Amino acid sequence: MTTEQALYKYCLRLGDNALIQSYRLSEWCSNAPLLEEDLALTNFALDMIGRAQLLLSYAGVVEGMGKTDDDLAYRRGERQFTNTLISELPNGDFAFTIARLFFTSVYEYYFFTELQNSADTTLKAVAAKTLKEVKYHKAHATDWMLRLGGGTEESNTRVQAAVNALWMYTGEQFETDKADAMLQDINIAVDMPPVKDKWNVYVQEVLLDAGISVPVADYMQTGGRNGVHTEYLGHILSEMQYLQRAYPDATW
Amino acid sequence: MAIDSQLAIWEVFMQAKPGANYIHAGSVHASDKKMALQNARDTYTRRGEGTSIWVVPSDAIVASNPDDNDMLFDPANDKVYRHPTFYVMPEGAKAI
Amino acid sequence: MDVLEKTDSIQAEMLRHFEEKIERGDAIEPRDKMPDAYRKHLIRQMSQHAHSEVIGMQPEGNWITRAPSLRAKQILLAKIQDEGGHGLYLYSAAETLGVSREELISQLHSGKAKYSNIFNYPALTWADIGAIGWLVDGAAIVNQVSLQRTSYGPYSRAMVRICKEESFHQRQGYEIMAKMMQGTKDQQEMAQDAMNRWWWPSLMMFGPHDSESPHTGDAVKWKIKRHSNDELRQKFIDKTVQQAEVIGLTIPDADLKWNEAKGHYDHGPIDWNEFYRVISGNGPCNRQRMEHHKRVHAEGAWVREAAEAYRLRKEKELLHL
Ligand SMILES: [Fe+2]
Ligand SMILES: [Fe+2]
Ligand SMILES: [Fe+2]
């Protein structure tokens, strides 16, 4: 694997996470529990689409085959997507969506904080921009975790169920492979163990505050980063890519 | 049909740029301060309209009664001596 | 003078005062005295307007996940989000008259409050997203620009903000149509088909002809409404015909032609039977729109409850500290 190939993979994974998460959040549009929350979730989806554009465009440049962000978003198949599984799970109820946003935004907050020190100037710039956005996502998600955990019996039950169901998907966020190691050697990629530690501390603290018990996982799901997904991803793609696939000669 | 809660109303005031006055932008619904501030941010700053936000519970605002307008505001109308143009300055005086 | 006569004369005095203010062009503010009929008309109009913005999120929302490029998805999301914001501003404006958002929503659900008929039509293809932005928002903005000068202050301020945000909505829709008309044969057909389906309903958005419109009298006298239905409709037609020509779309009206004497386009008869059929609940999507709104409202109840319960708990904790 060349450095370019490793960097391509790295950008693609980050871009795919943003793309698929934005897809799920955008499904909340006109479906949120309060009009104000509808606007908030849409704001987050828009942040993420913007991030996906930056990262997928850059992946295209690094790959050097002349592909655009849209080519990568709309013309790849299930096995070529490298987002984490947690990003693609269906929205479930509001508690599930908030718990997912909580787990991912806390991860992203620590991850992009570190990525700001990347030796790659593009990633460094993306990280600086993204950090401002995910800081807010994290604050919003944290506040809702506290409200749902400390709200009614029903909300506590729902958010606890969401946390339990999501927990085994949280581990994948911190996985690394040869590509990461290569890039880390040249100070491009983020060193993951410290990110994981910080994530753990913050998450446990909030869950405790919220009256939600921390699940114990005997197994963490894996595969997304290598293109082995849940069955849900295929449905996302068949919807998302429908026009591009049905009218391959058209531009929109 | 049962009417449920849409949460309390908060008034939103925004400062368009540092140093400017805070101006009433509108209102949002929220159950607590943090939510009110976030909802104001997500509703009223989507086009970079603000650099600072105040949120105030709507019921904390005390408004004057239009029926009192004559006693509240009319008496100020004849106090012309509060305005600089009331004074006659000697010809030729500068920077005053 | 007996008591009744006295209240009558106070009432008459209030009305005279109010109408003088309207005459002068002063804005009416929430705490000002106003005739009951004015208040009622405003609440009805603002809530119908708010509901329209919110229900209007659905047909376009139907295409968010299928938007054909990242740019298109971004634009569409931002646009629909704006509409949600508009609903929010308008509910807020209505709330200044003492009616709560809860109450307004329950009136929508009981069928007492209406929303714009146009959103009872389905968004079938991607070209419909273009047609909605170009024609539906285009028609709406004609009305909304006129409402910026409406006599009720909070309504007028909401409309000013809304118009500012609306300015990209029509353009993004027109851009979609223009691109498709420059595209493949399939795309051109899709665009024309959307045009054919959305043109007449868009004209109906302005409401019945002035000769048939029951509420116009007071609303115009009190400057809630600043232009008549037919005036606004004509304005929309006049500006849209040229835009259609530029991108090669045909307006589906054989009787449409320029009237030199009037300086306006004449148009063919509007099918008011269809209009009243849709209003009375038999449009293609009436049921789905209401079911969607009710479902979301019901599904969100536990969340709002939890937020309130959390606040109460925190307040209690603070007291016991
Ligand atoms: Fe609209
Ligand atoms: Fe709107
Ligand atoms: Fe609009």
Side-chain angles (χ1 to χ4, degrees), chain A residues 19 22-43 45-46 49-50 52-53 56-57 68-70 72-74 93-95 98 143-144 146-156 158-159 210 236 239-244 246-247 249-252, chain C residues 50 53-74 76-78 80-85 87-88 91 101 105 125-126 176 179-180 182-184 186-187 190 292-293 295-297 299-314 317:
Chain A
L19 179 63
S22 78
Y23 180 96
R24 285 305 189 203
L25 276 177
S26 76
E27 289 180 307
W28 274 99
C29 188
S30 89
N31 287 292
L34 190 73
L35 205 38
E36 284 80 351
E37 187 64 17
D38 213 295
L39 304 198
L41 294 177
T42 304
N43 271 344
L46 285 168
I49 297 176
Q53 283 176 317
L56 293 180
S57 298
T68 64
D69 49 353
D70 279 341
L72 289 171
Y74 290 91
D93 63 4
F94 184 70
I98 286 296
D143 289 348
W144 270 113
L146 296 173
R147 286 186 199 107
L148 297 182
T152 60
E153 208 180 305
E154 177 176 11
S155 69
N156 181 279
R158 282 177 185 263
V159 76
I236 291 180
E239 206 166 313
M240 183 172 85
Q241 300 177 337
Y242 151 66
L243 279 169
Q244 291 267 356
Y247 303 94
D249 304 328
T251 52
W252 304 90
Chain C
E53 300 282 358
V54 171
I55 298 288
M57 297 167 78
Q58 292 180 34
E60 290 178 290
N62 181 36
W63 277 91
I64 292 171
T65 56
R66 291 177 289 174
S69 71
L70 295 175
R71 179 177 182 271
K73 192 196 283 270
Q74 219 165 25
L76 182 59
L77 255 182
I80 301 173
Q81 183 193 44
D82 274 354
E83 306 300 4
L88 197 159
Y91 283 131
R101 196 195 286 179
I105 291 174
T125 72
W126 176 250
I176 289 174
K179 259 191 202 162
M180 292 183 75
Q182 285 162 10
T184 64
D186 281 337
Q187 285 176 299
M190 215 187 269
H292 178 128
H293 197 276
R295 173 182 57 75
V296 168
H297 183 72
E299 284 175 1
W302 71 267
V303 179
R304 298 186 295 271
E305 239 169 71
E308 290 285 26
Y310 178 75
R311 174 181 57 83
L312 285 174
R313 169 192 296 227
K314 285 285 142 188
E317 276 175 19

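Since we're looking at a predicted model, the values are computed, not measured.
Contacts of C:Arg66 with chain A are made by both backbone and side-chain atoms, with heavy-atom separations under 4.5 Å. Only the side chain of C:Arg101 comes within less than 4.5 Å of a heavy atom in chain A; its backbone stays farther off. Residue contact with chain C, scored on non-hydrogen atoms closer than 4.5 Å, involves the backbone of A:Ala32 exclusively. Using a 4.5 Å cut-off between heavy atoms, C:Thr184 touches chain A through its side chain atoms alone. Both the backbone and the side chain of A:Thr42 come within less than 4.5 Å of a heavy atom of chain C. For chain C, the nearby parts of A:Leu146 are the backbone and the side chain; heavy atoms of each come within less than 4.5 Å. Of the atoms belonging to A:Asn43, heavy atoms from both backbone and side chain fall under 4.5 Å from chain C. Looking at C:Leu88, the atoms closer than 4.5 Å to chain A (heavy atoms on both sides) sit in the backbone and in the side chain alike. Heavy atoms of A:Glu153 lying under 4.5 Å from chain C are absent altogether. Only the side chain of A:Asp38 comes within less than 4.5 Å of a heavy atom of chain C; its backbone N, CA, C and O stay farther away. Heavy-atom distances place the side chain of A:Ala73, and not its backbone, under 4.5 Å from chain C. Heavy atoms closer than 4.5 Å to chain A are found nowhere in C:Glu299, neither backbone nor side chain. The contact between A:Gln244 and chain C is made entirely by side chain atoms (from C-beta outward), counting heavy-atom distances below 4.5 Å. Looking at C:His293, there are no atoms closer than 4.5 Å to chain A (heavy atoms on both sides), in backbone or side chain. For a residue to count as touching a neighbouring chain, one of its non-hydrogen atoms must lie under 4.5 Å from one of that chain's; by this rule C:Ala67 touches chain A with the backbone only. With a 4.5 Å cut-off on non-hydrogen atoms, C:Ala72 does not touch chain A at all.
Residues satisfying the ring-ring contact (aromatic ring centres under 6.0 Å, His included) criterion with A:Tyr23, sequence neighbours excluded, are absent altogether. For A:Tyr74, there are no ring-ring contact (aromatic ring centres under 6.0 Å, His included) partners, not counting sequence neighbours.
C:Gln187 contributes atom CD, which lies 7.0 Å from atom CE of C:Met190 (distance to the nearest 0.5 angstrom).
In terms of heavy-atom pairs under 4.5 Å with chain C, the best-connected choice from A:Glu154, A:Gln53, A:Glu37, A:Gln241 is A:Gln53.
Within 6.0 Å of CZ in C:Arg71 there are 12 or fewer heavy atoms belonging to other residues, nucleotides or ligands.
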